[in-house]
Novice: 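Dumping the structure here so I can ask a few things about it.
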Amino acid sequence: MRLVLLGLPGAGKGTQAKRIAEEYHLTAISTGEMLREATKEKDTFGLRVQEYMNKGELVPDEWINSLVKSRLQAKDVENGFVLDGYPRTLQQAKMLEAVLLQSFKSAIR
């Protein structure tokens, strides 16, 4: 099962993602949590992410797409996942569609 939760900040996506993931033995993936973790690293990427977040701006799609694509290739998402807060833009949605189509094609080979 692959679920995507969309909604405004504070709408409860994270809460519901955790509940759904637990109930159905899925992996909850939060781009917000991934970005907060990146800022803790204090490396170049984390510092750049922090700049965007401090301004209240969206982190560039290329960066988010790279993080999500990498995360979706992890072993713990093989049985499914719940995405919380992604995609937020059309470019992100197109990347997600491409990644999921590719994984589907690989799975049926």
Side-chain angles (χ1 to χ4, degrees):
M1 183 181 318
R2 297 170 174 175
L3 300 173
V4 177
L5 302 182
L6 303 173
L8 296 172
K13 298 178 304 293
T15 300
Q16 294 306 316
K18 289 174 187 168
R19 288 179 178 169
I20 293 167
E22 186 176 303
E23 177 73 22
Y24 294 97
H25 308 288
L26 305 171
T27 300
I29 300 172
S30 166
T31 52
E33 286 182 22
M34 292 168 63
L35 291 173
R36 286 186 288 279
E37 286 299 315
T39 63
K40 291 178 184 176
E41 295 299 317
K42 303 293 184 195
D43 58 9
T44 304
F45 178 73
L47 293 173
R48 296 287 312 275
V49 166
Q50 187 67 54
E51 287 177 26
Y52 281 95
M53 292 172 70
N54 287 346
K55 294 179 193 174
E57 297 176 356
L58 293 178
V59 175
D61 286 342
E62 304 82 42
W63 299 4
I64 298 294
N65 287 344
S66 178
L67 281 173
V68 171
K69 185 176 181 178
S70 175
R71 184 66 183 91
L72 292 178
Q73 294 171 347
K75 189 105 176 121
D76 68 337
V77 300
E78 287 179 353
N79 293 324
F81 56 84
V82 182
L83 269 175
D84 161 20
Y86 181 92
R88 291 182 71 170
T89 68
L90 182 57
Q91 182 185 12
Q92 290 176 7
K94 288 179 179 182
M95 193 288 301
L96 178 60
E97 179 182 39
V99 168
L100 295 178
L101 284 172
Q102 181 62 38
S103 69
F104 178 73
K105 288 176 184 176
S106 296
I108 61 172
R109 287 185 188 161

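Quick note: residue numbers are just sequence positions, from 1.
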Novice: Counting only heavy atoms not in D43, do more than 12 fall under 6.0 Å of its CG?
Specialist: yes

Novice: Between E37 and K40, is a salt bridge (charged side-chain N to carboxylate O under 4.0 Å, His left out) present by the stated rule, with each step listed?
Specialist: CA-CA 5 Å; E37 286 299 315; K40 291 178 184 176; 3.4 Å; yes

Novice: Count I, L, V, M, F, W, Y as connected when their side-chain heavy atoms are under 4.5 Å apart, and connections chain through other members. Are V59 and M95 then in the same cluster?
Specialist: yes

Novice: Do you know which of N65, I29, V4 makes side-chain contact (heavy atoms from CB on, under 4.5 Å) with Y86?
Specialist: N65

Novice: Around Q91, counting heavy atoms of other residues, nucleotides and ligands shown, do more than 12 lie under 6.0 Å from its CD?
Specialist: yes

Novice: Would you say that more than 12 heavy atoms from the other residues, nucleotides or ligands in this model lie under 6.0 Å from the CZ of R19, or not?
Specialist: no

Novice: Applying the 4.5 Å side-chain criterion to the ILVMFWY set and letting contacts propagate, would L96 and L6 be lumped into a single cluster?
Specialist: yes

Novice: Within this structure, what is the NZ-CG distance for the pair K13 and L8, rounded to the nearest 0.5 Å?
Specialist: 7.0 Å

Novice: Can you tell me how far CD1 of I20 sits from CG of L5, rounded to the nearest 0.5 angstrom?
Specialist: 5.0 Å

Novice: Picking from D76, T31, T27, what satisfies side chain to side chain donor-acceptor pair (under 3.5 Å) with R71?
Specialist: D76

Novice: Any side-chain to backbone donor/acceptor pair from Q16 onto G12? Under 3.5 Å, distance only.
Specialist: no

Novice: Please check: side-chain N/O of S103 versus main-chain N/O of L100, any donor-acceptor pairing under 3.5 Å?
Specialist: yes

Novice: Step by step, work out the side chain to side chain contact (heavy atoms under 4.5 Å, CB included) result for E51 and E57.
Specialist: CA-CA 9 Å; E51 287 177 26; E57 297 176 356; over 6 Å; no

Novice: Checking the side chain of S66 only, and the main-chain atoms of W63 only, is there a donor and an acceptor separated by less than 3.5 Å?
Specialist: no

Novice: Taking Y24 as the starting point, is it possible to reach L3 by hopping between hydrophobic residues whose side chains are less than 4.5 Å apart?
Specialist: yes

Novice: Taking all non-hydrogen atoms of both residues into account, name the closest pair between R36 and S30 and its distance.
Specialist: NH2-OG, 4.4 Å

Novice: Roughly how far apart are L26 CG and K18 NZ, rounded to 0.5 Å?
Specialist: 15.0 Å

Novice: Grouping I, L, V, M, F, W and Y whenever their side-chain heavy atoms are under 4.5 Å apart, do V82 and M34 come out in a common cluster?
Specialist: no

Novice: Could you tell me which non-hydrogen atom of A28 sits nearest to which non-hydrogen atom of A17, and how far apart they are?
Specialist: CB-O, 4.1 Å

Novice: Measure the spacing between CD of E41 and CG of L47 and express it to the nearest 0.5 Å.
Specialist: 10.5 Å

Novice: Can you tell me how far apart NE2 (H25) and CD (E23) are? Round to the nearest 0.5 Å.
Specialist: 7.5 Å

Novice: Going through the checks in order, is the side chain to side chain contact (heavy atoms under 4.5 Å, CB included) test met by L67 and L35?
Specialist: CA-CA 9 Å; L67 281 173; L35 291 173; 3.8 Å; yes

Novice: To the nearest 0.5 Å, what is the distance between CG on L101 and CD on E97?
Specialist: 5.0 Å

Novice: How close do V77 and L72 get, heavy atom to heavy atom, and via which atoms?
Specialist: CG2-O, 3.1 Å

